[in-house]
Each structure stands twice: as structure tokens, then as C-alpha cells.
Amino acid sequence: MSEVTLRFDGHEKKVAIGTPFLDVIKSLGKLKETIAVQVNGQPRDLPSRVESDADVTLITFDSPEGKEIYRHSSSHLMAQAVKEVFPSAKMTIGPAIEEGFYYDFDFERPFTPEDLDKIEAKMTEIVKRDLPISRMELSKEEAVKLFQQRGEPYKTELIEEIDTPPISAYQQGDFIDLCTGPHVPSTGKIKAFKLISSAGAYWRGSEKNKMLQRIYGTSFPRREDLDAHLKKLEEIKKRDHRKLGKELDLFSISDEIGPGLVLWHPNGAIIRKTLEDFWREAHVKAGYELVFSPHIARLDLWKQSGHLQFYKENMYAPMDIDGMPFELKPMNCPFHIMIYKSHLRSYRDLPFRWAELGTVYRYERSGVLHGLLRVRGFTQDDAHLFCRPDQIESEILKVLDFTTFVLKTFGFDSYDIYLSTRPEKFVGSPERWEQATAALESALKQKGLAYQIDPGEGVFYGPKIDMKIKDVLGRSWQCTTIQVDFNLPERFGITYRGEDGREHQPIMIHRALMGSIERFFGILIEHYAGAFPTWLSPVQAKVLPITERQRDYAGQIQQRLRGAGIRCALDDRNEKVGLKIREAQLMKVPYMLVVGDREAADQTLSVRNRAGESTTMTLEELQKKILDEIATRVG
RNA sequence: GCUGGCGUAGCUCAGUCGGUAGAGCAGCUGACUUGUAAUCAGCAGGUCGGGGGUUCAAUUCCCUUCGCCAGCUCCA
């Protein structure tokens, strides 16, 4: 029998051709954690056999590939269980996703939580059977026949579209699913799993197709990892900005006003005001100028901008004013362009950086509205830069610096960045696209920011950089977008007088850092779990006198702190201090200032923070501490 | 928009297999003068999301409409 050499990371091993990788891994003592192998870069099942000399990497759950395989095998396990419990369910597709997996079934009714329990119990049983999972390869005809026999029409539809034979399928017990693999070697490998939810989903994601029943689940090799994940889901629930928004009295959305329209209560409004002040001040410091624009404009403006053509489905019906149609604005850009157009512009003037907290209204389908994260009226932290083509790169560099500064202020320092390039339908010349895309890319590189290219995902009018921030729970949120626009300058015919005395067309860059104030606020609520840093907290300190005897002293403290610019409240009700503390704590007030006879006598404060730690300090010390936290925006 | 679920007091939630509803918290009133996450007592509070239908009778059953939630799709 001939031998070949397998090269593992750091060592080699000679094995006989035809040996299953399973045996090789077993001999290395790594069978337990190994899910599959990569042979010369190709993922393979453990039961597959050694064919030739090769570089072999062990795939474990710790790698993204490992997770994918593990979850995909989990989805097969679930599908097998569903077929055993509900034989009439037709299988469709069931991939691994970010934090788990799902499988879509065509079933006569939605699955209930009780169904999920039954399915989960069946999964446990199948895991106990520890069925070997084996790969089979079939011709297209064989595959179609097989799944026809098994009564799986969706599978045969999928097979019909595959034109790279052979077609592979995986079998465990008498369950067979169409799949490219690889998979874990047996059902017993799936250790800890949980079915999370079920909901409708369209066949192939199109609402024209039949609604299928999707079951979401997740799985881990170790029980404690599953528990940690479930705990995180709990934590996410607890942080839901809609729940905290109500509890902390930050905002509301009223039926009587309409869906997707936000009321900012005083507690939310003061946070917004603080955010906006910070935003404006930072922009002025970064060389922007502030502008304002109206909420409606003549329909003709939107015709000229092209919004009426390209953005119609997000715009509201026009209103009639003195026989003239006007339109509620879905964007701010045309207004800023009109500011540009109000003068003759010279190349010496460029770039212009005009920023506006511009409130826009967009029609969103009712099913997509979601708290503050998806609304119909919102304020963009918008800016438009008008520059010469040779200034694109330096402007983008500045925007990137500025963005990271702004986001860091809120503790967002980890991003996923996407560079979207020219789509199939586009305006402007390919050369311009190339130039602008290169400028964006070069700026990202100079800043040392890691990014991914999203080919063809640019907007029709120009390439863009999108940044997703990662919150404290590791969830990502799309906020920042930086878009080059060749279209609007063209449509509005804006120009500047060049060095050569001729008219040139400026480049326009749209950018929003937070995206929208509403959405960003929603993200912040969840990010901070409602416990805002001192500079943002609606109430920064609350004086809690123990009895009526300390009323005067408490009042003086409040006045002093208020006078220093600190948002300080006073709870002088005839209540026990335990209750006052409880309420202030639930409202997540950063500093609770307990004053009793002792403090009044010593002219001190018993300062309790949100963590429940108390220290005694003087008013001066506390004031300095709070002012310092406000100034540095930490704490 | 689609599919499913839900809508009962300011909030969180019970309940009625059809006979017009109940708790805790919040609110109000009173007592208590209080030491680091809930003092006690009393009172009041709901055309059971809106409209229509079936019925002697609807919060309950049916239809419709609005809104919310989850998912799909789409996006700041």
C-alpha cells in the first residue's frame, strides 16, 4: 500500500492512501474538537479519504468555517427532526447564519412554541443515536429522481438549477439533504443547541412566492457557550431601546400622531440637545459651516434632482400650495446645492463643507418600522462637501478622521468598513468612477482602516464608504456613510470658475456620521443600556435629603450645582431615603447625593454612584468631578 | 407591503368555554420624619384599540380597520 505525506501546521505525517481523515485526526488525538479538515485549501468531511500528499488544516468550531459547518450540520439535524415529527413538511433550504442557523419548511401551518419543543426533543434523540453523516455524489438525473421519490419538490427545483455535477447530498439515518457540505462526521457531534423562534419567510426571499415556515436555532459544542449566548440574548432584550425609552421616559411614538413619528420627551430631548451641541461644535472646529434649510420645496426641485424619478417610493404625495405642488423633503442635498448656486464660485473657494441637522421624511413600509431605529421622520446629521476632483482624497481623509473622532466619543472604536464600487446602472464616466473609487480606497489605506470591497454595491451616482459600528455587545450598526456624487452637480449644472478661467463641475460628497439622530440615539440607549455617561445623562446628580431638616442644605447643593451648569434634581419628598435611592437608581442617575444631619453638619455629601458605591466628599470635590466628566465626555 | 402573533387601568400583567372585569406598581388623600434599591392605610382609576355583524346578551364568537411585535423584503 502506498503512502503519502500529510503536512499539518508544524509537523508531517505519513499515511496510507485511502485512510479516512477521521482516523488520521484520531491518531493525532484531536478528534474531539475537529469538525472537518481543509485539504489543500478545500474543505472536506472527516470520513473522506486521503488521496495524495497534501497540506491539511484542522477546522474547529473556533474558526468561522468551523462555526458555519457546525451550524449547517445543526440545521440538517433540525430538518431531520422536523421530518420525523411532521412528515408532511417539505424541506427547502437551511443555511448557517451569523449566530446560528435556520431551516425553511413548506408546512400547512405556522410552527408553534410547542412544536419547537417537540422538534427540540426529537433533535436530542437523534443526537443520542449518533448517526454517521455520509456524503454521496449523484448525477443530476439521479439526484432529481432521489428527491422526487422522497417527495421534496423544492429540492428538485434547486437541483434543476445546479449545472456543476456531480451533485452532492448528505445522509444521516434515513434523512437525506441536498448539500455541498462538508459536515460534522455524526449527529452526536452536535452537543448543545436551542431552537430560538419561528416565523414566516418567503421561498427565495420574494414576496411573490409562497410563504414558508422558518425555524431559527443556534448550536455550540459546549453547553456553557450556548448558555452564554442565551444570556446575551436576554441582555439584548433588557437593553431594547423601546423598553428603556419607556422606562426612562426618553421618547414615545403615539398612534394618534402616526407610526414612525417620534416624540422626544424632556429626558430624551436634553440628550438630543447635548448631542447636537457636541455635533455642531465639533463640525465648526473641523472646518464645516452650518446651514439650515426648509422642510418643503417645490415639486420641480425634486424633478430636477431626480428624486422624483429615483426615490419616488420613499416620498410622500405632494401638497398643493396656491395651486403649486410642493413636496416634503426626503433629503437635504438639493437645498445645499441651491446655496451653492446662489453665487458664482471660484476654484479658490473650494472646498465648501456645509453641515445641517436636517429633518427629512421618508415613506417606509409599515412592516419595517422599528422603534427609533427605523422611522418615517428623522434628522440626518448631514453634510455636503463641494470640492474639486483633486480634493476628493484629502476631503475623504478629513471625513474619516472626523468620523472616527465623533464615534470614539461614544466609545465606538471598532468598525466594519465597506467600499462600494460601481454598480451596473450608473451615471458619470467610468474614468470618474475609477478616480473617485481610487481616492476613497487610498484614503482608507492611508488611515490604516481595514475594509471590504462590496463590488457593484455603490449608489448609481457614485462610489461610497459605509461604516458599521460595533456596540458593547458586539452587534454592528450601519451609521456612517460617505458617498461621492457625480449626478447632482450635473443635474443642477453647478460649476466653479477654474484657474483656467473656464467653468468646471465640482464633485459633491454626501456624508452622515451618526446617520440619523433618532437611530443613533436608539443605538446609544442600547449601547449604554440606558446608563448614559455623565455628559449625556438627563439628570446628572440628584440630591436626596434624608429628612425635612436637611431641606435647606439640599436646596443649596442643588442651586450650587445647577449654577455650575450641572443638571441637578432634588427629591425632597417625605419618603425614606431607600425609596429615593431606588427610584434614582432605576432612572440611572449617575450621582445620588444623600444628605442627612451628619453631612449637613460637616458640609459634605454622601455620594452614591450607579454601581452602589458610596463615598463622602465635599461639594467642591463633587462639582469638579462632574464637570471634569462632562468636559472629557467620559464616566 | 406580506405571513403569523398580539392589543384588558398611566405601566406590567391576570381573567371571562358569551351574562358589561381583577392584581401589583404608579396616582390621589392621610399617617409616618425616615441613613444608601420599595413605610403603612384608605380612595379613585377601564364604553377590555376603533367600527360593523351574530345573539335576549359580546371584552369573549365572526368580519373589517388601526396600531404593536417577530420574521421576510427594504434601509439612516
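Being a predicted model, the structure only gives us computed values, none of them experimental. Here is the naming used below: chain letters follow the sequence lines, and residue numbers restart at 1 for every chain.
Comparing G35(B) with U39(B), their C1' atoms sit 15 Å apart, to the nearest whole Å. Nucleotides G27(B) and U64(B) have their C1' atoms positioned 37 Å apart, rounded to a whole Å. If you take atom P in C11(B) and the same atom in G46(B), they sit 14 Å apart, rounded to whole Å. Using atom P as the reference point in both C61(B) and C17(B), the two lie 10 Å apart (nearest Å). For the P atoms, the distance from G49(B) to U12(B) is 15 Å, rounded to whole Å. Between the C1' atoms of G19(B) and A9(B), the separation comes to 23 Å (whole Å). Spacing of P atoms, A58(B) relative to G15(B), comes out at 23 Å, to the nearest Å. Comparing the C1' positions of U8(B) and A23(B) gives a spacing of 13 Å, expressed to the nearest Å.
Look at U55(B): it lacks any Watson-Crick or wobble partner with both distances under 3.5 angstrom. The base-pairing partner of C48(B), taking Watson-Crick or G-U wobble contacts with both distances under 3.5 Å, does not exist among the strands shown. Partner assigned to U73(B) is none, using Watson-Crick or G-U wobble distances below 3.5 angstrom. The nucleotide C28(B) finds its pairing partner in G42(B), both defining distances of the Watson-Crick or G-U wobble pair being shorter than 3.5 Å. Shown here, G22(B) forms a base pair with C13(B); the pair counts as Watson-Crick or G-U wobble because both key distances fall under 3.5 Å. In this structure G67(B) sits in a base pair with C6(B), meeting the Watson-Crick or G-U test at under 3.5 Å.
Here Asp572(A) pairs with Arg551(A) under the salt bridge (charged side-chain N to carboxylate O under 4.0 Å, His left out) rule; sequence neighbours left out.
Under a 4.0 Å N-O distance rule, the pair Arg214(A)/Asp104(A) qualifies as a salt bridge. Look at Arg374(A) and Glu364(A) and you find a salt bridge, because one of the NZ, NE, NH1 or NH2 atoms lies within 4.0 Å of a carboxylate O, short of that distance. Salt-bridge formation is detected for the pair Glu99(A)/Lys232(A): a Lys NZ or Arg NE/NH1/NH2 atom is positioned less than 4.0 Å from an Asp or Glu carboxylate oxygen. At a threshold of 4.0 Å, the pair Asp177(A)-Lys155(A) counts as salt-bridged, since one of the basic side-chain nitrogens sits closer than that to a carboxylate oxygen. We find that Lys464(A) and Glu457(A) are not joined by a salt bridge, their nearest charged nitrogen and carboxylate oxygen being 4.0 Å or further apart.
Within 4.0 Å of Lys246(A), counting heavy atoms only, lie sugar-phosphate atoms of the nucleic acid but no base atom. Nucleic acid contact for Leu586(A): base, since at least one base atom lies under 4.0 Å from a heavy atom of the residue. Residue Val375(A) is in base contact, counting any heavy-atom pair closer than 4.0 Å across all strands shown.
Rounded to an integer number of Å, the gap from CZ of Phe111(A) to P of U3(B) is 18 Å. With rounding to whole Å, Glu256(A) atom CD is found 12 Å from G50(B) atom P. The distance from atom NZ of Lys210(A) to atom P of U3(B) is 13 Å, rounded to the nearest whole Å. Between Arg519(A) atom CZ and C74(B) atom C1' there is a gap of 13 Å when expressed in whole angstrom units. Rounded to a whole Å, the NZ atom of Lys588(A) is 12 Å from the C1' atom of A37(B). Taking atom OH of Tyr418(A) as the reference point, atom P of C75(B) lies 15 Å away to the nearest angstrom. The interatomic distance linking Phe412(A) (CZ) with A76(B) (P) rounds to 18 Å, in whole Å.
A donor N or O paired with an acceptor N or O is found under 3.5 Å between the base of A38(B) and the side-chain atoms of Arg582(A). Put simply, the side chain of Gln585(A) and the base of A38(B) share no donor and acceptor less than 3.5 Å apart.
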Checklist entry - How would nucleotides 24-36 of chain B be written as a contact map, 5' to 3', with B for base contact, S for sugar-phosphate-only contact and - for no contact, using protein heavy atoms under 4.0 Å? => result --------BBBBB
Checklist outcome for this item: Per-nucleotide protein contact along nucleotides 64-73 of chain B, 5' to 3', at a 4.0 Å heavy-atom cut-off (B base, S sugar-phosphate only, - neither), is ---SSSSBBB
Checklist entry - So Tyr316(A) and Arg376(A), side chain to side chain contact (heavy atoms under 4.5 Å, CB included) or not? Walk me through it. => result CA-CA 10 Å; Tyr316(A) 293 101; Arg376(A) 284 182 174 158; 3.3 Å; yes
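None of Leu250(A), Ile517(A), Ile525(A), Leu524(A) except one satisfies the side-chain contact (heavy atoms from CB on, under 4.5 Å) rule with Ile271(A); the exception is Leu250(A). None of Arg239(A), His241(A), Arg242(A) except one satisfies the side-chain hydrogen bond (donor to acceptor under 3.5 Å, both in side chains) rule with Glu526(A); the exception is His241(A).
Comparing Arg610(A) and Pro110(A) against RNA chain B, the residue whose closest nucleotide sits nearer the 5' end is Pro110(A).
Cation-pi geometry between Lys588(A) and Phe532(A) is not met: the NZ or CZ atom fails to fall both under 6.0 Å from the ring centre and inside 45° of the normal.
The aromatic ring centroids of Tyr288(A) and Phe402(A) lie less than 6.0 Å from each other.
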